[in-house]
Amino acid sequence: MNKSISFSKAIEGYLLNARARHLSQNTINDYLNTFRKFADFIGEDQAIAEIDHHEVENFLANLPVSKKTLLNYHVGLSALWTWAWAENLVKEHILRKVPRPKPEKRAVKPYTEDEVRSMLNALTHSRLYVRPGKRESVHSLQHGERNRAIILLLLDTGIRATELCSLRIHHIDLKSRWVRVYGKGDKERVLPFSARTGNAIWKYLATRKDDCVGDYLFITNLGDPLNNDSLLKAMISIGRRAGLRGVTVHRFRHTFAVSYLRNGGDAFSLQMMLGHSTMEMVKTYLALAQADLEKNHKIASPVDNWRL
C-alpha cells in the first residue's frame with residue numbers, strides 16, 4: 001500500500017478513472033463538490049490512507065444540510081474509497097463503517113389541472129400593476145412560447161430538470177413525436193409526447209433564428225442553455241404570476257407519474273419512462289393513483305386529457 005498518496009492526489013486519480021468509465025459530467029461534478037467540502041473540513045492534505053471513519057462521521061455530523069444531501073456526500077466519498085481500496089491505496093473501506101444517512105420522505109404533491117392551466121395562462125403577460133398617475137396595466141413577457149413548450153414537455157414525459165436542460169434540438173423528433181433523453185449515468189431513454197406538446201415545441205423553435213441541430217433546445221436571452229437554477233427561477237416566476245405557492249420543476253414529474261397511473265398506465269412502463277432503477281418511488285405514485293380509481297379510465301397524457 002502506497003501511504004504517500006495525498007487526498008488531493010487520490011482525487012485526481014479517481015477523476016481520471018471516473019472519466020475513463022464515462023460517468024456523466026453531472027455525477028463527476030457532484031462528487032468533486034463533495035471531495036472539496038471534505039478536503040476543506042479535514043483542513044490539510046493528509047495521506048488518504050491516514051483518514052479514518054471518525055473524520056467522515058464528524059464531517060457529515062457538522063453539515064447544516066438535508067439528509068438527502070448528506071446521503072449524496074456519503075455516496076460520493078464511498079465511490080472514492082471504493083476506487084482507492086481497489087487500487088490498494090487504503091487498508092480498509094472506511095465508509096463501510098459510517099451508516100448511510102436516511103433521507104426524509106417528502107410528500108408527493110402533483111399539480112392539479114387548475115394549477116397547470118393557471119400557469120399556462122400566466123406565460124405571456126405580467127400581473128396587473130399601477131404606476132403613479134397611471135391606470136392599471138400589464139406588459140408583455142419574453143419566453144412565452146419557450147415556457148409553454150417546457151411546461152408541456154415536463155408534464156407529458158416526466159423528465160428531470162437536468163435532463164430537460166441537457167436536451168439539444170436533434171434529440172427531438174417532431175414528426176414521430178419522441179424525445180431522446182440521457183438520464184443518470186448517461187442511460188438513454190426514448191419517450192413519446194403528445195401532438196399538442198409537439199406543436200408547442202415547433203412554435204417555440206419557429207421563434208429561433210440560425211439554429212443548428214446540435215444547439216441546446218431551451219436557451220436564455222443570451223443563447224446560453226438553461227440550467228437547473230435558471231429553469232427553477234422561471235417556473236417560480238410563472239407560479240407567482242399564477243398565484244401559486246410551492247412551484248417546483250420536480251412537481252411536473254410527480255404530476256406526469258400519478259396521472260399516467262390514474263389513467264391506466266402500468267407501473268413497470270412508468271418505471272422505464274421515469275428512468276428509475278427500482279420500483280420504490282413508483283410504488284409511492286401507485287399508492288396515490290389507487291386512491292383515485294374512478295379516473296383510471298384510459299392511457300393518455302395529461303396534456304391530451306386536459307386539452308391544454
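Because the structure is a prediction, the values reported are computed rather than measured. Throughout, residue positions are numbered sequentially from 1 according to the sequence presented.
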Can a cation-pi geometry be assigned to Arg177 and Phe193, taking NZ or CZ under 6.0 Å from the six-membered ring centre and within 45° of the ring axis?
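The answer is no, since Arg177 fails at least one limit relative to Phe193.
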Note, Leu60 side chain near His74 side chain (heavy atom, < 4.5 Å):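 Of all side-chain heavy-atom pairs linking His74 with Leu60, at least one is under 4.5 Å.
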key: Close side-chain approach of Trp81 and Ile51, heavy atoms under 4.5 Å   =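 Contact flag for Trp81/Ile51 side chains = yes.
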How are the rings of [X] and [Y] set relative to one another: parallel (under 30°), tilted (30 to 60°) or perpendicular (over 60°)?
{"X": "His254", "Y": "His250", "result": "perpendicular"}
{"X": "Tyr73", "Y": "Phe59", "result": "tilted"}
{"X": "Phe35", "Y": "Phe7", "result": "perpendicular"}
{"X": "Tyr204", "Y": "Phe218", "result": "parallel"}

Checklist line | side chain to side chain contact (heavy atoms under 4.5 Å, CB included) assessment of Arg240 paired with Arg245 | finding: CA-CA 7 Å; Arg240 286 173 180 164; Arg245 294 183 179 181; over 6 Å; no
Fill in: is_close_aromatic(Tyr182, His171), centroid dist under 6.0 Å
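Centroid separation for Tyr182 and His171: below 6.0 Å.
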Under 3.5 Å, is there a donor-acceptor pair between the Ser269 and Asp266 side chains?
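Result is yes, a qualifying pair exists.
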When you group the ILVMFWY residues by side-chain heavy-atom contacts below 4.5 Å and let the links chain together, are [Y] and [X] in the same group?
{"X": "Leu153", "Y": "Val213", "result": "no"}
{"X": "Met119", "Y": "Leu141", "result": "no"}
{"X": "Leu16", "Y": "Val90", "result": "no"}

* Once you round to the nearest 0.5 Å, how far does CG of Leu167 lie from CD1 of Ile172? ->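 Answer rounded to 0.5 Å: 6.0 Å.
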request  = Working to the nearest 0.5 Å, report the span between CD1 of Ile201 and CZ of Arg146.
outcome  =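 Answer rounded to 0.5 Å: 13.5 Å.
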Pairing of [X] and [Y] as salt bridge, 4.0 angstrom limit:
{"X": "Arg117", "Y": "Asp114", "answer": "no"}
{"X": "Glu115", "Y": "Arg251", "answer": "yes"}
{"X": "Arg148", "Y": "Glu145", "answer": "no"}

Would you find a donor on one side and an acceptor on the other, under 3.5 Å apart, between the side chain of Asp40 and the backbone of Gly43?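 Pair absent, no side-chain N/O of Asp40 close to backbone of Gly43.
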Worksheet entry | Residues forming a side chain to side chain contact (heavy atoms under 4.5 Å, CB included) with His53, sequence neighbours excluded |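 With sequence neighbours excluded, His53 shows a side chain to side chain contact (heavy atoms under 4.5 Å, CB included) to Glu57, Ile94, Lys97, Val98, given in chain and number order.
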*asked:* Just to verify, what does Arg19 make a side chain to side chain contact (heavy atoms under 4.5 Å, CB included) with, not counting sequence neighbours?
replied: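 Side chain to side chain contact (heavy atoms under 4.5 Å, CB included) list for Arg19, sorted by chain: Leu15, Ile28.
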Q: Quickly, which of Asn199, Thr157, Asp156 forms a side chain to side chain donor-acceptor pair (under 3.5 Å) with Ser194? Name it, please.
A: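 The side chain to side chain donor-acceptor pair (under 3.5 Å) with Ser194 is passed solely by Asp156 among Asn199, Thr157, Asp156.
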* If you link I, L, V, M, F, W and Y whenever their side-chain heavy atoms are under 4.5 Å apart, who else ends up in the same group as Trp178? ->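 Val190, all in the cluster of Trp178.
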